[in-house]
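Before any comments, here is the structure.
Chain letters run A, B, ... following the sequence lines, proteins first and then strands; every chain starts at 1.
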Amino acid sequence: MADIRVRFAPSPTGYLHVGGARTALFNWLFARKHGGKFILRIEDTDIQRSSEEMVRGILEGMAWLGLDYDEGPFFQADNAEKHREAALELLDRGAAYRDFTPKEERDDATVKERIAEAARQTATRNPFRDLPRVESDARAAAGEPFAIRFKVPEAGRTSFEDAVFGLQEREYKDIEDLVLLRSEGGHPLYNLSVVVDDILMNITHVIRGQDHLSNTHKQVLIYEALGKPVPTFAHLPLILAPNKGKLSKRKHGEIVSITTYRDAGFIPDAFLNFLALLGWAPEDAEFADREIFSRDELIRVFSLEGIHKSNAVFNFTEGDERNWTDQKALWMNAEYIKTWPLDRLLPLVKAELQQAGLWKEEFEGARKAWFDRTIDLVRERCRTLRDFTLKGRPYFVDDLSFEFEEATVKKNLQKDPALRDLLPGLADAFAALAEFNHETTEACLRAFADEKGVKAGLLINATRTALTGQAAGPGLFDVVVAIGQPRASERLRHAASLV
RNA sequence: GGCGCGUUGGUGUAACUGGUUAACACGCCGCCCUCUCAAGGCGGAGAGCACGGGUUCGAGUCCCGUACGCGCUACCA
């Protein structure tokens, strides 16, 4: 396929959410796979609900995910004049007509009810549909306000082949004469604007949410009336909330916003990987059992044919602090943290440490070897990048400015009063070591335990808490070495005061 | 109300053009490892493929109906 051009066209009425991000991702993957162009177009024609802040949010989200676009961002509102011209052209050709019916105000909250209500009454044809042209022109010239509606043909049906949902057909009689231009200021409406913009931008494949599937028939009609080629459509299944209801910013809040995942310490590649598998699976049997796909692999194996028809559930439990979002996403992120080549992970960890004020230049200089080893040690237990500063803090500060968990202190330090004397003793033993490594520290601690007639486990757990303030962590002697000789002794002495 | 789309374990998915006890991942449970917590290894529970008919030697895979869910039906996008 040559000269493929796709677009992501979010409306800035909300932040970039998981559904939108996945739509963007699929467009991006498709473009990258086929060497096509990925275009970003902000559909801001609803001035009431659009805001610049939301535009920024969308841009930020895409930047974080690394979904780079080749053209844009374009703003649909900038093209309003072109849209108007198209409507006028349609009017000229007799494919549209002026509707002089006074505008009826509809408010957002009650539309659904009003639609149902109106449907119960028998539909009547718009009285202006067949108004003679001269009369229409005269009334318009006299300054009477009007909207422009598309004139849906009498008998027949539209059809198009959706790349995901297959052949779609709809009777003309089931399509109402949609408004193209509002009576107020000739403001163009969505169905007209998308079509005109997609024509202007030479879009070849329209990949978007399934919520547009029904409306596509109207758009096909507009393409045809304008005498332009109809692009290929590929509609994506929706992403639903756990109750299988709509995933909405209003109801589900932060959890659907992409920036939440950035701020929570997700690796963009991991989140992308997770998103890709929501409603899509590689066709190639070779990849059937794989879950982890790098960006390049996704590009390689992506295809429209692998997209599902049924909606996917974004699975999370509200109020569960540890599993605050889809557990598979969390698992995947941990998987990336554990298995990514260290040099790819390091920049992300650096950014995290910098943000927490824990970064020191020497981590890239004199202490690089130590730093790399320590990150490698700690990463095993991290689910998010935030954990590097949360759980990892004791490794990166020289003083005692890390948290001593209350319950842990009670359990590991205060359980046995003998520790008050044992810990300083162990501190001395550690300080006296000529070589400070895994073997020598372990031998030292065990010998010390033997000598004092206590179980090694008592000292091991107490030491972990003394050095990190935590009850859980890497193997103790790895911790001891990572903390290093001076800090270890110092922290052991300090811990004695907590007993 | 009308039109459309969908329905495989709790979740995400797999199952060649109908053909062995429906597979994988997350999650859950147990065991091993062990100084803790993870990770890792091993094993287990969990769907008979929304339901009801039909076609067929044989259906998750084809057909019809029903239910449920979702979308659209706006001078919103």
Worksheet item: In residues 76-89 of chain A, which residues come under 4.0 Å of RNA chain B by heavy atom?
Response: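 When residues 76-89 of chain A is checked for heavy atoms under 4.0 Å from RNA chain B, there are no hits whatsoever.
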Worksheet entry | Side-chain donor/acceptor contact of A:S214 with base of B:C3 under 3.5 Å |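 It does not, because no donor-acceptor pair links the side chain of A:S214 to the base of B:C3 below 3.5 Å.
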Need one value for [X]: base, sugar-phosphate or nothing, where a base atom within 4.0 Å counts as base even if backbone is also close, heavy atoms only.
X      : result
A:S310 : sugar-phosphate
A:D174 : sugar-phosphate
A:A147 : base
A:H308 : sugar-phosphate
A:E171 : nothing
A:F165 : sugar-phosphate
A:Q168 : sugar-phosphate

Fill in: Residue pair A:H235 / A:T216, side-chain donor-acceptor N/O under 3.5 Å
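Side-chain D/A pair, A:H235 to A:T216: present.
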Practice prompt. Answer yes if the side chains of A:Y261 and A:T325 hold a donor-acceptor pair under 3.5 Å, and no otherwise.
Written response: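 Side chains of A:Y261 and A:T325: pair found under 3.5 Å.
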Any salt bridge linking [X] with [Y]? Criterion: basic side-chain nitrogen under 4.0 Å from a carboxylate oxygen.
X      : Y      : value
A:R56  : A:E53  : no
A:D198 : A:R7   : yes
A:E176 : A:K218 : yes

Worksheet item: Once each nucleotide of nucleotides 42-47 of chain B is scored for protein heavy atoms under 4.0 Å, what B/S/- sequence comes out, 5' to 3'?
Response: ------
Item to complete: Summarise how protein sits on nucleotides 25-41 of chain B as a single string, 5' to 3': B when a protein heavy atom is under 4.0 Å from the base, S for sugar-phosphate-only contact, - for no contact.
Response: BSS-------BBBBS--
Worksheet entry | Which residue lies more 5' along RNA chain B, comparing A:L189 with A:A312 via nearest heavy atoms |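 Comparing both residues, the 5'-ward one is A:A312.
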Discussion item. Go nucleotide by nucleotide along RNA chain B from the 5' end; which of A:N191 and A:L213 gets its closest nucleotide reached first?
Written reply: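 Looking at RNA chain B, the more 5' nearest nucleotide goes with A:L213.
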Worksheet item: List RNA chain B stems (3 or more consecutive Watson-Crick/G-U pairs, under 3.5 Å)?
Response: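 The stems are B:1-7 with B:67-73, B:10-13 with B:23-26, B:28-32 with B:40-44, B:50-54 with B:62-66.
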Worksheet item: Is there a donor-acceptor pair closer than 3.5 Å between any side-chain N or O of A:D326 and the backbone N or O of A:F314?
Response: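 No, A:D326 side chain to A:F314 backbone: no donor-acceptor pair under 3.5 Å.
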Worksheet item: Looking only at atom types and distance, does a side-chain atom of A:T23 sit under 3.5 Å from a main-chain N or O of A:G19, one as donor and one as acceptor?
Response: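 Yes, the answer is positive, given that a donor and an acceptor are paired below the 3.5 Å cut-off.
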Nearest whole angstrom, please: distance from the [atom2] of [N] to the [atom1] of [X].
X      : N     : atom1 : atom2 : value
A:L236 : B:G6  : CG    : P     : 14 Å
A:E184 : B:A74 : CD    : P     : 18 Å
A:K173 : B:C3  : NZ    : C1'   : 8 Å
A:E43  : B:A77 : CD    : C1'   : 7 Å
A:F160 : B:C3  : CZ    : P     : 18 Å
A:L330 : B:G12 : CG    : P     : 17 Å
A:I148 : B:C75 : CD1   : C1'   : 12 Å
A:R170 : B:C72 : CZ    : C1'   : 7 Å

Worksheet item: For the residue pair A:F26 and A:F302, does the interplanar ring angle fall in the parallel (under 30°), tilted (30 to 60°) or perpendicular (over 60°) class?
Response: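 Tilted.
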Worksheet entry | Chi-based syn or anti call at B:G69, which uses purine or pyrimidine torsion atoms and a 90° bound |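 Here B:G69 takes the anti form, which means its glycosidic angle is more than 90° from 0.
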Practice prompt. Could you tell me which residues satisfy salt bridge (Lys or Arg N to Asp or Glu O under 4.0 Å) with A:D162, sequence neighbours excluded, listed by chain and number?
Written response: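 For A:D162, no residue satisfies salt bridge (Lys or Arg N to Asp or Glu O under 4.0 Å) once neighbours in sequence are set aside.
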Spacing of the [atom1] atoms in [M] and [N] (rounded, Å):
N     : M     : atom1 : result
B:C51 : B:U7  : P     : 13 Å
B:G19 : B:G60 : P     : 9 Å
B:A47 : B:C42 : P     : 24 Å
B:C63 : B:U55 : C1'   : 7 Å
B:A59 : B:C16 : C1'   : 16 Å
B:G9  : B:G48 : C1'   : 10 Å
B:C49 : B:U61 : P     : 9 Å
B:A45 : B:A25 : P     : 15 Å

Counting neighbours of [atom1] on [X] that are heavy atoms of other residues, nucleotides or ligands and sit closer than 6.0 Å, is the number greater than 12?
X      : atom1 : value
A:E169 : CD    : yes
A:K391 : NZ    : yes
A:R386 : CZ    : no
A:E305 : CD    : yes

Practice prompt. Kindly indicate whether the side chain of A:N323, heavy atoms from C-beta on, has any atom under 4.5 Å from the side chain of A:F316.
Written response: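 No, their side chains stay 4.5 Å or more apart.
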Discussion item. Strictly below 4.0 Å: does A:H235 bring a side-chain N or O up to OP1 or OP2 of B:G71?
Written reply: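 False: A:H235 side-chain N/O out of range (4.0 Å or more) of B:G71 OP1/OP2.
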Worksheet item: Is any side-chain nitrogen or oxygen of A:T45 closer than 4.0 Å to OP1 or OP2 of B:A77?
Response: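 Checking A:T45 against B:A77: at least one side-chain N or O falls below 4.0 Å of OP1 or OP2.
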Worksheet item: If you round to the nearest 0.5 Å, how far is CG of A:L413 from OG1 of A:T465?
Response: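 Answer for the OG1-CG pair, A:T465 versus A:L413, is 5.0 Å.
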Pair up each side-chain donor or acceptor in residues 452-464 of chain A with any protein partner under 3.5 Å, not counting sequence neighbours, and list the distances.
| from | atom 1 | to | atom 2 | distance (Å) |
| --- | --- | --- | --- | --- |
| A:N461 | ND2 | A:G457 | O | 3.4 |
| A:T463 | OG1 | A:L459 | O | 2.5 |
| A:R464 | NH2 | A:P474 | O | 3.1 |

